[in-house]
Amino acid sequence: MMKKLFWLVLSTVILTGQSVFAQETNSETQSSQREDSLLQVVNELSGRVKKTEDAARNERIWKKRAKYFNIGYITNQTLTDKVDAEAEWKSDFGVSLAFGKTYYLHKKPLLNMIKFGIDATWFDISYAKYSEPDAYANDGAYTRAYGDYGSYDYDDEEDIDLGIHQIDASMHVGPSITVNPIGDLKVAAYFHYVPTYSMLVIDDSFGHGYVSNFAFGASVAYKAISFGIEHRWAKKATYNGLSFDDEGIDYEDPAFDDVIQSDKWKMKSKSFRIFLSFRY
């Protein structure tokens with residue numbers, strides 16, 4: 001009888017222990033499952049928050065700052081006659097205006113900070129006023145002749161003297177690279193091909209023509225404000241020149257034969273400018 005009672009009690013204890021152990025194991029499993037679920041939810045929420053932050057940052061840094069409007073000051077621009085190498089004009093001052101947009105080639109920045117793009121400046125206009133060439137500044141008379149249409153004498157009070165001016169209207173296109181190292185700070189560099197329609201006034205003469213310019217530059221931007229520098233050059237340009245030659249006037253002929261003379265001007269130019277840019 002005692003032996004049966006002993007085995008009964010032992011069996012009861014064993015079964016009770018197994019039940020308790022099973023309950024504890026089940027409880028731990030459920031707790032672990034709950035922790036895994038919570039961790040998964042937290043990870044999903046973190047991922048969503050990061051995606052939202054990245055989208056907001058991409059919108060703020062890249063999409064909202066792709067367009068630009070530049071106000072430039074030409075610190076140094078030269079124009080050289082390729083026929084008469086001594087005839088080189090240097091600008092007294094110059095100004096420019098331009099607007100365009102950067103088209104980025106990929107949505108996500110490389111290394112979360114670098115984007116390559118194509119710049120398209122839809123319109124760029126610049127004006128420069130020149131001084132007389134140094135080679136002639138001390139002469140009593142500065143004579144410059146292009147082909148057949150005559151010359152100019154600064155001592156002759158009857159000569160027309162409009163000064164020396166250049167107006168360029170152009171477009172830009174070319175690659176650029178932009179780096180966003182921190183916050184809203186961006187640093188960019190570019191190389192552009194600049195097809196240009198150029199106009200020159202040299203005293204009583206007017207010249208115009210197409211010029212293939214090239215430019216490279218760099219800028220530093222913080223939010224909507226950017227400051228930059230640019231070097232622009234053209235190796236050779238041909239201008240269609242027209243001049244007023246009062247010596248060719250025939251006062252007996254109402255047609256005034258030979259008053260307007262024409263010729264081809266061979267020029268090269270280069271300039272350096274600084275600009276303030278507003279990006280939006």
Side-chain angles (χ1 to χ4, degrees), residues 47-77 91 93-129 166-199 210-234 269-280:
R48 291 179 183 178
V49 170
K50 188 176 185 306
K51 287 182 180 179
T52 302
E53 290 178 346
D54 289 344
R57 183 175 181 275
N58 186 65
E59 180 76 18
R60 186 182 77 253
I61 298 296
W62 303 105
K63 289 186 178 181
K64 286 187 176 181
R65 305 294 183 222
K67 297 179 181 179
Y68 51 85
F69 174 72
N70 297 346
I71 301 174
Y73 179 75
I74 301 173
T75 61
N76 182 29
Q77 181 163 310
S91 63
F93 70 92
V95 293
S96 66
L97 295 174
F99 66 89
K101 183 178 180 180
T102 300
Y103 296 89
Y104 295 109
L105 301 179
H106 44 96
K107 292 183 178 180
K108 293 183 178 181
L110 304 177
L111 303 177
N112 204 34
M113 60 185 291
I114 302 173
K115 274 196 174 186
F116 292 91
I118 298 295
D119 293 340
T121 301
W122 301 120
F123 185 70
D124 181 325
I125 186 166
S126 64
Y127 164 78
K129 181 183 181 301
Q166 182 176 358
I167 298 176
D168 289 346
S170 60
M171 300 176 66
H172 300 223
V173 63
S176 66
I177 178 173
T178 304
V179 181
N180 172 225
I182 186 172
D184 292 294
L185 180 67
K186 291 194 296 184
V187 180
Y190 62 83
F191 176 81
H192 290 167
Y193 171 61
V194 188
T196 303
Y197 174 68
S198 182
M199 295 172 284
Y210 170 81
V211 182
S212 292
N213 281 297
F214 298 90
F216 68 85
S219 65
V220 177
Y222 182 76
K223 293 186 177 180
I225 304 298
S226 176
F227 176 80
I229 58 175
E230 179 182 285
H231 175 62
R232 189 178 301 189
W233 74 96
S269 64
K270 60 181 179 180
S271 66
F272 182 83
R273 62 189 67 187
I274 59 177
F275 60 85
L276 179 67
S277 180
F278 301 92
R279 304 195 70 94
Y280 58 96

Among all residues two or more places apart in sequence or in another chain, which pass the side-chain hydrogen bond (donor to acceptor under 3.5 Å, both in side chains) test with [X]?
| X | result |
| --- | --- |
| Thr121 | Tyr68 |
| Ser226 | none |
| Asp184 | Arg60 |
| Ser198 | Gln166, Asp168, Tyr239 |

Residues in ring-ring contact (aromatic ring centres under 6.0 Å, His included) with [X], at least two apart?
| X | answer |
| --- | --- |
| Tyr104 | Trp62 |
| His192 | His172, Tyr190 |
| Tyr193 | Phe214 |

Between [atom1] of [X] and [atom2] of [Y], what distance do you get to the nearest 0.5 Å?
| X | Y | atom1 | atom2 | value |
| --- | --- | --- | --- | --- |
| Ser269 | Trp233 | OG | CH2 | 11.5 Å |
| Leu185 | Ile61 | CG | CD1 | 9.0 Å |
| Asn58 | Asn112 | CG | CG | 9.5 Å |

Legend entry - Pairs involving residues 107-119, ordered by first then second residue, that meet salt bridge (Lys or Arg N to Asp or Glu O under 4.0 Å) (sequence neighbours left out):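 Output for this query is empty, none listed.
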Which heavy atom in [X] sits nearest to a heavy atom in [Y], and how many Å separate them?
| X | Y | answer |
| --- | --- | --- |
| Ile74 | Ser126 | CD1-CB, 4.2 Å |
| Met113 | Pro181 | CE-CA, 3.8 Å |
| Ala188 | Thr178 | CB-OG1, 3.8 Å |
| Val194 | Ala215 | CG2-CB, 4.0 Å |
| Gly94 | Tyr73 | O-CD1, 3.4 Å |

Legend entry - Side-chain heavy-atom pair Pro109, Asn180 within 4.5 angstrom cut-off: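 No. Closest side-chain heavy atoms not under 4.5 Å.
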Inset, instruction - For Lys129, enumerate each residue passing the salt bridge (Lys or Arg N to Asp or Glu O under 4.0 Å) test, keeping only those at least two apart in sequence or located in another chain. - result: Asp92
Legend entry - Set of salt bridge (Lys or Arg N to Asp or Glu O under 4.0 Å) partners for Asp124, sequence neighbours left out: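 Residues passing salt bridge (Lys or Arg N to Asp or Glu O under 4.0 Å) with Asp124: Arg232.
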Legend entry - Donor-acceptor pair, side chain of Ser219 and main chain of Gly228, under 3.5 angstrom: no
Inset, instruction - Could you tell me which residues satisfy side chain to side chain contact (heavy atoms under 4.5 Å, CB included) with Phe99, sequence neighbours excluded, listed by chain and number? - result: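 For Phe99 the side chain to side chain contact (heavy atoms under 4.5 Å, CB included) partners, ignoring immediate neighbours, are Phe69, Trp122, Phe123.
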Inset, instruction - Determine, step by step, whether Phe116 and Ile114 satisfy the side chain to side chain contact (heavy atoms under 4.5 Å, CB included) criterion, reporting the C-alpha distance in whole Å, the side-chain angles of both residues, the deciding distance to 0.1 Å, and the verdict. - result: CA-CA 7 Å; Phe116 292 91; Ile114 302 173; 4.3 Å; yes
Inset, instruction - Begin from the C-alpha positions of Val220 and Phe227 and carry the test side chain to side chain contact (heavy atoms under 4.5 Å, CB included) through to its verdict. - result: CA-CA 6 Å; Val220 177; Phe227 176 80; 5.7 Å; no
Cut-off 3.5 Å, no hydrogens considered: what does the side-chain donor-acceptor table look like for residues 270-280, sequence neighbours left out?
| residue | atom | partner | partner atom | Å |
| --- | --- | --- | --- | --- |
| Ser277 | OG | Asn70 | OD1 | 2.6 |
| Arg279 | NE | Arg65 | O | 2.8 |
| Arg279 | NH2 | Arg65 | O | 3.2 |
| Arg279 | NH2 | Ala66 | O | 3.4 |

Inset, instruction - Determine, stepwise, if the pair Asn213 / Ser170 fulfils side chain to side chain contact (heavy atoms under 4.5 Å, CB included). - result: CA-CA 9 Å; Asn213 281 297; Ser170 60; 6.0 Å; no
